[in-house]
J.: 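Provided herewith is a single structure, encoded as C-alpha cells, for subsequent inquiry.
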There are 2 protein chains.
Amino acid sequence: MQSRLTIKDIARLSGVGKSTVSRVLNNESGVSARTRERVEAVMQQEGFSPSRSARAMRGQSDKVVAIIVTRLDSLSENLAVQTLLPSLYEQGYDPIMMESQFSPKLVEEHLGVLRRRHIDGVILFGFTGINEKILAPWQSTLVLMARDAKGFASVCYDDEGAIDILMARLYEQGHRQISFLGVPHSDVTTGFRRHQAYLAFCKSHALTPNFVLPGLAMKQGYDHVAEVLTPETTALLCATDTLALGASKYLQEQQNSALQLASVGSTPLMKFLHPEIITVDPGYAEAGRQAARQLIGQITQTRDLQQIVIPGSLQ
Amino acid sequence: MQSRLTIKDIARLSGVGKSTVSRVLNNESGVSARTRERVEAVMQQEGFSPSRSARAMRGQSDKVVAIIVTRLDSLSENLAVQTLLPSLYEQGYDPIMMESQFSPKLVEEHLGVLRRRHIDGVILFGFTGINEKILAPWQSTLVLMARDAKGFASVCYDDEGAIDILMARLYEQGHRQISFLGVPHSDVTTGFRRHQAYLAFCKSHALTPNFVLPGLAMKQGYDHVAEVLTPETTALLCATDTLALGASKYLQEQQNSALQLASVGSTPLMKFLHPEIITVDPGYAEAGRQAARQLIGQITQTRDLQQIVIPGSLQ
DNA sequence: CTGTTAGCGCGTTCAA
DNA sequence: TTGAACGCGCTAACAG
C-alpha cells in the first residue's frame with residue numbers, strides 16, 4: 001500500500017521527537033497538552049496508523065485470536081460467533097477462523113498452526129473426542145465453549161436448566177407422556193446432561209421416560225423419532241433444534257400434527273420453519289459476549305480461569 | 001509464552017551466523033547441503049518457529065487477509081468459505097472474519113479497520129448497495145464474491161447458466177407452466193440476471209412467464225409464492241434455496257405437493273429437508289478455491305485482476 | 001558458500 | 001516535559 005508513514009515522519013511533521021509521538025500514541029502521561037494536541041492533529045490529518053507488526057515485535061501480543069468452530073454452518077455456534085466477533089474487534093483483537101469438523105485431529109493440526117503463529121488466545125467450540133492433553137499447553141489462553149474441563153476456562157450452556165424449563169412448560173400444558181430425542185452420553189453436555197435432566201424431571205413428576213439417543217444429526221432425528229412414539233405420547237422433547245428439525249420432517253410426512261414438540265435451541269431458521277415448537281434459547285449471544293470477555297481478561301492477566309454458565313430462556 | 005527462541009539462538013546452537021539461519025528458513029539458495037541440514041535439524045529439534053511480526057516488519061506482508069461475509073449463517077457463503085479457509089491456510093495466510101449484515105455502512109467501517117491494520121487482502125461477499133467508491137482503494141487487493149464490478153477481480157456464479165439448466169430440466173420433464181420466484185433487480189446477480197435468464201428461456205420456448213420478485217428472505221418466499229400460483233402452474237423455479245425453503249413451507253401448509261420445485265443453491269439443509277426439489281449447485285466450493293487462488297495471486301503480484309465465473313451443475 | 005553489518009517501526013530506558 | 005540512543009527478530013547488502 002501507500003500507508004508508509006512512520007512515527008518518525010509524524011515526529012518530523014509535528015516538530016517533536018519520535019518518543020513523544022510514541023507516548024501520544026499510547027496515551028501515556030508526561031506529555032504537555034499542547035504537544036499532545038499538535039501531534040494528534042498531525043496524525044489525524046495524515047491518517048497515520050502505527051505498524052502492528054512493529055508494535056507486536058516490541059511488546060508481545062499481536063492481538064490476534066483464533067476461533068475454532070466445529071462447523072461453519074452450525075446454527076447455534078453461528079449465533080455465538082455473531083456476538084463474539086464484534087466483542088473482539090471492540091477490544092482491538094482480530095479473530096481468525098478455523099473449522100474443526102468435529103475432528104480431534106483437525107483441532108490438533110489447527111492448534112499447531114496457531115502455536116507457530118504465536119497467537120494470543122483461542123476460543124474453541126468443544127465436542128466429543130477432544131483430547132485434553134492436546135489442549136494442555138493452551139490452558140491459560142483458551143476458552144472452551146459449550147463444554148467444560150478441569151483447569152480450563154469455559155462458557156457453557158445450562159443444559160439441565162434448559163431441559164427443566166421445557167419439561168415444566170410441557171407439564172404445565174398438561175402433557176404426561178413426554179418422549180425424549182437426544183444424543184449419546186459420550187457427548188457430556190448435549191448428550192449426558194440433557195438426558196439426565198429429562199430423567200430427573202420424569203422421576204420427580206412421576207412420568208414414564210421414553211427416550212432414544214441417536215446423535216446430533218438431523219437425519220438421526222428423522223430416522224429414530226418413530227422409536228419413541230407410542231399412541232399415548234403427546235409431546236416430544238428434543239435435545240437440539242437440529243434433531244427437532246429432523247423429527248419435524250418425519251412427523252410432517254406422517255401427517256402427525258397432534259404432537260407438541262419442544263427443543264433446546266432457538267435459531268432463526270427454527271423459528272421460521274416451526275414457530276409452533278416450544279424452544280429455549282440457551283443464550284448463544286450472551287455466551288459470545290462472555291467468551292470474548294473471558295478470553296481477553298485471561299490474555300491481559302486481569303481475569304482468572306472461570307467456568308461460566310449461561311442461563312437459558314424460554315422463547 | 002515459552003517459544004522465545006530466535007534465529008540468533010538457532011545460529012548459536014548450530015554454530016553458524018544468523019543470516020545463514022535466515023537463508024535456510026526462506027529456502028534460499030547459496031547454502032551448502034550439510035549446513036542446511038544441520039540448521040534444519042536444530043530448528044526441528046528446538047521446535048523453532050520464526051516471529052511473524054519480525055518478518056512482517058522486514059518484508060511488508062504479514063500474511064493476513066480478511067473475509068467479509070454478509071451473514072455468518074448464510075448457507076451458500078458458508079459453503080464457499082468452507083473451502084476458502086483451507087486454501088488460504090495452505091498458503092500461510094490467516095483469514096480474519098467479519099460480517100457485513102448487508103450493511104454498506106458496516107462494510108465501510110470494517111474496511112477502515114482493515115486499512116489501519118495493513119491487511120494484505122480482502123475477500124468480500126457482495127450485495128446490493130455497496131458503494132464502489134469505498135472499494136476503490138482496495139482495487140488491487142480485493143476479490144469480490146458473487147458479484148462483479150469494473151476494475152475488480154471477482155468470482156461469480158453463472159446465474160444465467162444455472163437458471164438455464166433448471167429450466168431445461170423442468171421443460172424436459174414436460175412442464176410448460178413454470179412460475180418464477182425471485183429477487184428484485186436492484187440485486188444485479190441473484191435478482192436481475194436470474195430473472196432475465198428465466199424470461200429468456202420462456203421466450204425461446206414459447207412459455208408464458210409468471211413471476212414475482214419479493215426479495216432474498218425465506219419469509220418473502222413464504223409470503224409471496226401464492227401470487228404466482230395458478231391452477232395451471234405445474235412447476236416453480238426459485239432464484240435461491242432460501243426462497244425455495246420459504247415457498248416449500250407455504251406449499252406444505254396448503255397440502256400442495258403436486259408442484260415441482262426447482263432452485264439454485266444446493267445446500268445440505270436443502271437436500272435434507274427437500275430432496276424432491278431439483279437443484280443446481282452454483283459451485284460454491286470451487287468458488288472458494290478460485291477466490292483464494294485469485295487473491296493470493298494478486299497479493300504476490302503473479303496474477304492480474306480476473307473476473308472468474310464458476311459453472312453450475314445439476315444435482 | 002558464509003559471517004558481519006545495517007536497518008525496518010516501534011517502545012523503552014536514560015539524560016537533559 | 002522531552003529527545004537521543006538502544007534493541008526487539010528478522011532480512012538484505014556487503015564483505016570475506
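First the proteins, then the strands, lettered A, B, ... as listed; each starts at 1.
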J.: To the nearest angstrom, how far is A/D62 atom CG from C/dG11 atom C1'?
T.: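 In whole Å, C/dG11 C1' lies 16 Å from A/D62 CG.
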J.: Are any of A/R55's side-chain N or O atoms less than 4.0 Å away from OP1 or OP2 of C/dG11?
T.: yes
J.: Hey, what do you get for CZ (B/F152) to CD (B/E132), rounding to the nearest 0.5 Å?
T.: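 Taking CZ in B/F152 and CD in B/E132, the distance rounds to 6.0 Å.
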J.: B/R36 and B/R23: which non-hydrogen atoms are nearest, and at how many Å?
T.: NH1-O, 4.4 Å
J.: Mind calculating the distance between CZ (B/F48) and P (D/dG9) to the nearest angstrom?
T.: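 The answer, rounded to whole Å, is 10 Å.
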J.: A/E28 has an atom CD; how far is it from atom C1' of D/dT2, in whole Å?
T.: 13 Å
J.: Closer to the 5' end of DNA chain C via nearest nucleotide, is it A/P50 or B/V31?
T.: B/V31
J.: Quiz question: by atom type and distance under 3.5 Å, do the side chains of B/E40 and B/Q44 form a donor-acceptor pair?
T.: no
J.: Is B/E286 salt-bridged to B/R289, going by a charged N under 4.0 Å from an acidic O?
T.: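 Result for this pair is yes, salt bridge flagged.
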J.: Could you give the CD1-to-C1' distance, from B/I7 to D/dC10, as a whole number of Å?
T.: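 Whole-Å distance recorded here is 5 Å.
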J.: Quick one: label A/S53 by what it contacts on the DNA or RNA (base, sugar-phosphate, nothing), any heavy atom closer than 4.0 Å.
T.: nothing
J.: So do the side chains of B/W138 and B/I119 get within less than 4.5 Å of each other, counting heavy atoms only?
T.: yes
J.: From CZ of B/R36 over to C1' of C/dT2, roughly how many Å is that when rounded to an integer?
T.: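 Result: 13 Å.
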J.: Tell me the interatomic distance from B/R58, atom CZ, to D/dC10, atom P, rounded to whole angstroms.
T.: 13 Å
J.: With respect to the phosphate group of C/dT2, does any side-chain polar atom (N or O) of B/S32 fall under 4.0 Å of OP1 or OP2?
T.: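 Result: yes.
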J.: For B/F102 and B/L216, work out which heavy atoms get closest and say how close.
T.: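 It is CE2-CD1, 4.4 Å.
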J.: Mind calculating the distance between CZ (A/R52) and P (C/dG11) to the nearest angstrom?
T.: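 Rounded to the whole Å, the gap is 13 Å.
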J.: Rounded to whole angstroms, how far apart are CD1 on B/I10 and P on D/dT11?
T.: 13 Å
J.: Considering non-hydrogen atoms only, spot the tightest contact between A/P282 and A/Y157 and give its length.
T.: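 Between these two residues, the closest heavy atoms are O-CD2, 3.4 Å.
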J.: Near DNA chain C, under 4.0 Å by heavy atom, which residues of residues 13-24 of chain A?
T.: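 Contacts with DNA chain C under 4.0 Å: A/S19, A/S22, A/R23.
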